[in-house]
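The structure appears below as structure tokens.
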Amino acid sequence: MNVFSKVLVANRGEIAVRLVRALRELGISSIAAYSDADRGSLAVRLADEAAYVGPSPSSESYLRIDRIVDVAKRHGAQAIHPGYGFLSENAEFAEACAAAGIVFIGPPAEAIRKLGSKTAARQLAIAAGAPVVPGTERALSDWQEARAAADDLGYPVLLKAAAGGGGKGMRRVDRESDLKSALRDAASEAGRAFGNSEVYVEKLVEEPRHIEIQILGDHHGHLIHLGERECSIQRRHQKVIEECPSPLMGSHPELRERMGQAAVRVASAAGYANAGTVEFLVDRDANFYFLEVNTRLQVEHPVTELVTGLDLVEWQLKIAARERLTLRQSDITWRGSAIECRIYAEDPDHDFLPAPGRIVHLSEPSGPGVRLDSGIFEGWDVPLEYDPLLAKLAAWGPTREAAIRRLDRALSEYVLTGVRHNIAFFQEVLADAEFREGRLSTSFLDRFFERRKKTEADPEAEAAAALAIALSSSASSSPPAREMSRWLDSGREELLR
Amino acid sequence: MKRHVVVNGRSGTIEIEGSRLRYEREDGVVIEREFSLQGTSVLLNGRSYRVNRGAGKEVWVNGRLLSMEVFDPRDLRTGKGASANHGRQEIAASMPGKVIRVLVTAGDTVEEGQGLVVVEAMKMQNEMKSPKTGRVAEVRARLDATVGAGEILVIVE
């Protein structure tokens, strides 16, 4: 394939590494965009070229359309891959690329615009015959309107950012007295996160599953689905564990095809092309409701790749180069089971608060059936300016049970010190009986915390730790630590020769 | 060799003689094992443990986090200063980040649970609240300043 010879990766962290890797495999030169905080990043180290795009705050670097397009031109990139987040769902950016004669690797700007506003996307879904959760079909203009809408729907309701994603600007409201402050908070959070403070209100579906459909389409009118991912395990409305197939498909074998067809209808109605994800809520009776479309590559795309055997990034590049999608719906098969967990620098014992810092020691898992998409290395300072996602660890197995055991094994190999993280927490979740049985919902983690047992410390493990510390500190306390001693020593040796 | 150990707030002692160790916790649990130590690898009667030090008191053992301090009892001359909790409360940042809002000034009276300072890191906002009803004695937090976890932001008395 010779679609492009040079592509700019306009993102950071693990996804920038994923994209640089795909480009290298395809023989395409990569340029990693970087901010001040990311000068030393793994993506910069792995890419063929690197381009400085501005200071650390993303509003001055990764979100600057002018700078991204400018460096793409100066470095001779024919296309830009936006990854996820940042400018990936920004229609203006897609248009700016086109105006500069650069291919935006993603859907047409027009499709982004149609689907980018959740309220517009809802209307489009209704027209395309996809079921939706009852709610306002446009952004709320003021608090009185919100109150009237919430009254109509009945509490509890959910406030959501019209331009949103990732749980930002989202608030559950149980009673009218909480509505005013929730609306204010949601609007201000949405404004900061997306530059658009519009908020709308929906009936809250209680204990739903979050199941999404991966779609893939070309610019010649051919669009298919690649099945579902279940992403019900979330904290603060952000996914932390994703899997394919959804355990629900075992008892509802026809559900994948019905949801897949609904997703394809919505995407077709928007004139969609390239990779995208149509998100649904699924209630206790396996009824599904259209939620929104993510017009980009999804964080959790590896589980689909593991089960379908397809490379989504490769297809994104081919499709962006106007090649035809040569896969028919009947070509898509799902083999075995894959589960992914998102390794974050955060403290699961303290409300998942972000915990930036320096990676002191790192030893990453590998072995059969394990896929690690990581953006870190020993000595890397996890910056506090960005989302604290460090890596995604996924495992494939012939059955869900096998995939769980393999993921647990891989987690047990992971050594990561210097920052707080959620690796041990995932091991607890994987051992949980309800998780094993596939009884999932978006409130899974809240319930999990209620039944979570305080893991009693193993005294033998404590003894092992105390031994290692006692002996290492007594050894290191005798000769005073010297900076760069090895360099000095070897230098002295040179001089003595 | 004998050392005091504090693990997750619980005291104990570890005695090391040749290749044998004896670990005793204040709750009476005793572990006696034959050991081998090489780098971060510890074998206790042949059972394998990986021990890695994190920041400060953090120690990771086979992927589990412990808070651990090990010290020579001979170094323990004086105790720590008495905790100054005469109704004076220091409100500290619970995570590293940037101060994006300072909601009070010195001399303000505050209610319990009232927001004092908002710290933001990685797009997550965290509002530090007053633990008591009282008067703001001091505001150390500066707008746009970067703060570390545990750094005192406000003092309420």
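So that the names make sense, note that chain A is the first sequence line, chain B the second, and so on, each numbered from 1.
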Heavy atoms only, distances under 4.5 angstrom: which of [options] has the most pairs with chain A? Name it, please.
| options | result |
| --- | --- |
| V5(B), L37(B), V29(B) | L37(B) |
| I16(B), N8(B), V30(B) | I16(B) |
| E24(B), R50(B), R47(B), R22(B) | R50(B) |
| T40(B), V51(B), L65(B) | V51(B) |

Revision key, fill the gap. Separation between CG (L372(A)) and CD (E340(A)), nearest 0.5 Å, reads 10.0 Å
Review point. Which atoms of R10(B) come close to chain A, meaning under 4.5 Å heavy atom to heavy atom: side chain ones, backbone ones, both, or neither?
Key: side chain
Need one label for [X]: side chain, backbone, both or neither, based on atoms under 4.5 Å from any heavy atom in chain B.
| X | result |
| --- | --- |
| R192(A) | side chain |
| L411(A) | neither |
| I423(A) | neither |

Practice item. Scan side-chain atoms only and decide if Y386(A) and S35(A) contain a donor-acceptor pair under the 3.5 Å cut-off. Key: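 The criterion, which ignores hydrogens and geometry beyond distance, is satisfied for S35(A) and Y386(A).
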Run the salt-bridge test on [X] and [Y] with the 4.0 Å N-O cut-off and return the result as yes or no.
| X | Y | value |
| --- | --- | --- |
| E120(B) | K98(B) | no |
| R64(A) | E60(A) | no |
| E69(B) | K57(B) | yes |
| E346(A) | R235(A) | yes |

Relative to chain B, which of [options] shows the most heavy atom pairs under 4.5 Å?
| options | answer |
| --- | --- |
| G357(A), P383(A), A345(A), P459(A) | P459(A) |
| S412(A), P354(A), A424(A) | P354(A) |
| L467(A), V360(A), V382(A) | L467(A) |

Review point. What pairs meet the salt bridge (charged side-chain N to carboxylate O under 4.0 Å, His left out) rule with one or both residues in residues 415-428 of chain A, with sequence neighbours excluded?
Key: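 Only D347(A)-R420(A), R420(A)-E58(B), E428(A)-R452(A) qualify under salt bridge (charged side-chain N to carboxylate O under 4.0 Å, His left out).
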Point to revise | Qualifying residues under ring pair (Phe, Tyr, Trp, His ring centres under 6.0 Å), relative to F425(A), sequence neighbours excluded | key: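 F425(A) satisfies ring pair (Phe, Tyr, Trp, His ring centres under 6.0 Å) with F352(A), F448(A), F449(A) once adjacent residues are dropped.
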